[in-house]
Amino acid sequence: MTKGEVITLKDGRLKVPDKPIIPFIEGDGIGPDIWKATKRVIDTAVEKAYMGQKQIKWMEVLAGEKAYRERGEWLPEETLEAIKKYRVAIKGPLTTPVGGGFRSLNVAIRQKLDLYACIRPIKWIPGVPAPVTHPEKLDIVIFRENMEDVYAGYEWAAGSPEALKIIGFFKKELDVTLSDDSGIGLKPISKRGSERIIKKAVEYAIKHNRKRVTIVHKGNIMKYTEGAFMNWGMDMVKQDYGERFVSEKELYEKYNGKIPEDRILINDRIADNMLQQILLRSDEYDVIVTSNLNGDYLSDAAAAQVGGLGVAPGGNIGDNIAVFEATHGSAPKYAGMDKANPSSLILSGALMLEYLEWHEASSLIRNALEATVKQKIVTYDLARQMEGSTEVKTSQFADAVINNYESFVMHI
C-alpha cells in the first residue's frame, strides 16, 4: 500500500499531496455509525472524481469516551500534536465529560489549536422539511469567532469571596455600584481577535465571489467590546481592502442601492435584529461574521430554517490548521443502532475537500446527497416528516449517496 504524505506549507499556502494523511476522530455516541458512512462517501467520491490518482490516507486519533477508555484521558496531547502536524482533520460529535475538567471537548480542541474561525455554511437541501415558507432564500456562510467572548471568559458565583472582591473594587476604584448578590462575568474581545476573524470572512467572500459581508454585533449597548468588534473590522477592511469594498452609505449615495460588479458590500447589523433579518429578508445576506456568543445563537437559528443541525456542516479553521466536524450532539441513545442521519458529517467532509481544493470530489458529494434527499431516501429523522419517503439506515443512506455518483461524474 502506498504510504501517505504530510500536507505542507509553501509561500503561506497549503500544499496538498495526492495522498494526504488526514487524522479522524470517530466521535462518541452515534459518532462511529456516522463516521463509517461518511468515510465511505468521501473515499468513493475521491476515487470517482480522480480515477484513483488521489486518495486520502486516514489516521485515527483519539478524543472523548474512546480516548478515556483506552488512554485514561479525554483529550490526549498526541491527538493535538497529530492535528498540528497533518494540518487537516475531521471529527464526529464528542460528549463533554461530566466533571472531566473541560467546559467542552469541542471548545478545548478549538482553543488549544487556535482554530479561531468557526465556519458554518447554511443552505437548504431541496426536499428537507423546513419550518419556514421559503428556505431556499437562505444561502449564507457564518464566520463565528471561536477564541474570545464568553467562551474564553471568567465568572465568579454570587456571594463568593472573588465576586465580592471585584464588586468592592468596582465601587471603590471605578465608582460603579453593583448589588452584593450579583454573579460576575468577564468577556474579553480583542482588536487582534476581531480583525483576524473578520479578515477570514472577507477573504472567503472575495475567493468565493460572495457579494455581501455583514458584521453582526451588540455594539449599541456594549460599545467597547461588541461595538469595538465592528469598528475594528470596518477600519481593517477600509485600510487593507480599499476600493474592493463599498459601505452601505456609499451604496445608496453613489450607486443607487445596487452593488457594483467589482465591489463587495460591507455592512453591519445589531445581533437581535439579525435574528429577525435572516427570517424576513433571508436573501439579503451572504457572508456573516460575528463574535462567539452571537454566532452560537445565529448559527443554530439559521440552521433551523433549513432543517436543523442534522443537515448543517461545520469547520473550525485557524492559520493553516483546520478541523471539520458534525455540528450536532452525540445522541448516545441511538449509539450503535445504524439509525442516525450522517448528513452533517458528510457535508462537513465535502467542506473539508473544498478546503483541500479538491472541488470535484466536494461537488460530487453535495450533488449526490441532494439527489438522494430528492428521491426521498432518508434516515428516520427526516422520514417521519416526509410523506412518501423511504426510511433507511445510516449505512444504507451512504449507499444511496454513492449510487447517485454516476449521474454526476460525467459533469466533473
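Proximity of a side-chain donor or acceptor of Ser362 to a complementary backbone N or O of Ala350 within less than 3.5 Å is detected. Glu387 contributes no side-chain N or O that, together with a main-chain N or O of Ser389, makes up a donor-acceptor pair within less than 3.5 Å. For Ser194 (side chain) and Phe229 (main-chain N/O), no donor-acceptor pair under 3.5 Å exists by modelled atom type. Within the 3.5 Å criterion, the main-chain N or O of Thr95 finds a donor-acceptor partner in the side chain of Asp28. Although no hydrogens or angles enter the test, the distance criterion places a donor-acceptor pair under 3.5 Å between the side chain of Asn146 and the main chain of Leu115. Remark: the backbone N or O of Ser190 is paired with a side-chain donor or acceptor of Glu148 at under 3.5 angstrom. Listed for the Thr79 side chain is a donor-acceptor partner under 3.5 Å among the backbone atoms of Leu62. With Arg40 contributing its side chain and Ser395 its backbone, the two residues share a donor-acceptor pair below 3.5 Å. Of the possible donor and acceptor atoms, one in the side chain of Thr327 sits under 3.5 Å from a partner among the backbone N and O of Ala312. Of the possible donor and acceptor atoms, none in the side chain of Asp149 sits under 3.5 Å from a partner among the backbone N and O of Ser291.
Between the side chains of Asn292 and Arg144, a donor-acceptor pair is found at a separation under 3.5 Å.
The distance from the CE atom of Met147 to the CD1 atom of Ile189 is 14.0 Å, given to the nearest 0.5 Å. Rounding to the nearest 0.5 angstrom, the gap separating the CD atom in Glu70 from the CD atom in Glu65 is 12.0 Å. To the nearest 0.5 Å, the span separating CG on Leu251 from CD1 on Ile266 amounts to 12.5 Å. A distance of 5.0 Å separates CD1 in Ile288 from CD1 in Ile142, rounded to the nearest 0.5 Å. Note that CG of Asn294 is 10.0 Å distant from OG of Ser299, once rounded to the nearest 0.5 Å. Atom NZ in Lys57 sits 10.5 Å away from atom CD in Glu5 (nearest 0.5 Å).
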Q: In sequence, state the C-alpha distance, the side-chain angles, and the governing distance for Val311 and Asn341, and then conclude on side chain to side chain contact (heavy atoms under 4.5 Å, CB included).
A: CA-CA 8 Å; Val311 292; Asn341 186 347; 4.1 Å; yes

(Q) Under the criterion salt bridge (Lys or Arg N to Asp or Glu O under 4.0 Å), I'd like the reasoning laid out for Asp114 against Arg196: C-alpha separation, chi angles, the key distance, then a yes or no. (A) CA-CA 12 Å; Asp114 198 25; Arg196 67 177 183 171; 2.8 Å; yes

Q: Give the intermediate values and the outcome of salt bridge (Lys or Arg N to Asp or Glu O under 4.0 Å) for residues Arg384 and Glu391.
A: CA-CA 8 Å; Arg384 61 187 176 178; Glu391 181 177 332; over 6 Å; no

Q. After noting the C-alpha distance and the side-chain angles of Asp18 and Lys54, does the key distance pass the salt bridge (Lys or Arg N to Asp or Glu O under 4.0 Å) rule?
A. CA-CA 5 Å; Asp18 287 340; Lys54 296 180 186 289; 3.1 Å; yes

Q: Please test Glu60 against Lys66 for salt bridge (Lys or Arg N to Asp or Glu O under 4.0 Å), starting from the C-alpha separation and ending with a verdict.
A: CA-CA 11 Å; Glu60 184 174 12; Lys66 189 172 183 179; 2.8 Å; yes

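Minimum heavy-atom separation, Ala368 to Asn404: O-ND2, 3.8 Å. Nearest heavy atoms, Ser182 versus Ala163: O-CB, 4.1 Å. The shortest non-hydrogen separation linking Gly336 to Asp33 is N-OD2, 3.2 Å. Contact between Leu164 and Gly159 at its shortest, heavy atoms only, is CD1-O, 3.7 Å. The heavy-atom pair separating Gln305 from Ala130 by the smallest distance is O-CB, 3.3 Å. Minimum heavy-atom separation, Ile198 to Ile215: CD1-CD1, 4.1 Å.
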Which side-chain N or O atoms in residues 258-265 pair as donor and acceptor under 3.5 Å with protein atoms at least two apart or in another chain?
unit_1	atom_1	unit_2	atom_2	d
Arg263	NE	Glu243	O	2.7
Arg263	NH2	Glu243	OE1	2.9
Arg263	NH2	Tyr255	OH	3.4

Without placing hydrogens or testing angles, list every side-chain donor-acceptor pair under 3.5 Å for residues 230-242, not counting sequence neighbours.
unit_1	atom_1	unit_2	atom_2	d
Asn231	ND2	Gly227	O	3.3
Tyr241	OH	Lys199	NZ	3.0
Tyr241	OH	Glu203	OE2	2.6

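Residue pairs meeting the salt bridge (Lys or Arg N to Asp or Glu O under 4.0 Å) criterion with at least one member in residues 367-382: none, sequence neighbours excluded. Judged as a salt bridge (Lys or Arg N to Asp or Glu O under 4.0 Å), the pairs with a partner in residues 323-344 (not counting sequence neighbours) are, in order, Lys91-Glu325, Arg110-Glu325. Within the structure, no pair that satisfies the ring-ring contact (aromatic ring centres under 6.0 Å, His included) test touches residues 257-311, not counting sequence neighbours. The side chain to side chain donor-acceptor pair (under 3.5 Å) analysis of residues 346-356, with sequence neighbours excluded, yields the pairs His208-Glu354, Glu354-Arg366.
Residue Lys85 places its NZ atom among 12 or fewer non-hydrogen atoms of other residues, nucleotides or ligands, all under 6.0 Å distant. Residue Lys187 qualifies as enclosed at atom NZ: its count of foreign heavy atoms under 6.0 Å is above 12.
Contact of the Leu113 side chain with the Leu80 side chain is registered, since non-hydrogen atoms from C-beta on lie closer than 4.5 Å.
Among residues two or more places apart in sequence or in another chain, the ring-ring contact (aromatic ring centres under 6.0 Å, His included) test is passed with Tyr116 by none. For His134, there are no ring-ring contact (aromatic ring centres under 6.0 Å, His included) partners two or more places apart in sequence or in a different chain. Legend: residues meeting ring-ring contact (aromatic ring centres under 6.0 Å, His included) with Tyr86, ordered by chain and number and at least two apart, are absent. In this view, Tyr405 satisfies the ring-ring contact (aromatic ring centres under 6.0 Å, His included) rule with no residue, not counting sequence neighbours. Not a single salt bridge (charged side-chain N to carboxylate O under 4.0 Å, His left out) links Glu250 to another residue, sequence neighbours left out. When the side-chain contact (heavy atoms from CB on, under 4.5 Å) test is applied to Ala400, the partners found at least two apart in sequence or on another chain are Thr372, Ile377.
In this structure, Asp139 pairs ionically with Arg210, as a charged nitrogen and a carboxylate oxygen lie closer than 4.0 Å. Under a 4.0 Å N-O distance rule, the pair Glu77/Lys112 does not qualify as a salt bridge. Note on Glu357 versus Arg13: salt bridge recorded, some NZ/NE/NH1/NH2 to OD/OE distance being below 4.0 Å. Between Lys84 and Glu81 there is a salt bridge, with a side-chain nitrogen of the basic residue lying less than 4.0 Å from a carboxylate oxygen of the acidic one.
Note: Trp58 and Trp35 have perpendicular aromatic rings, judged against thresholds of 30 and 60 degrees for the angle between ring planes.
Each of Asn273, Ile278, Asp272, Leu279 was compared with Gln276 under the side-chain contact (heavy atoms from CB on, under 4.5 Å) criterion, and only Asn273 meets it.
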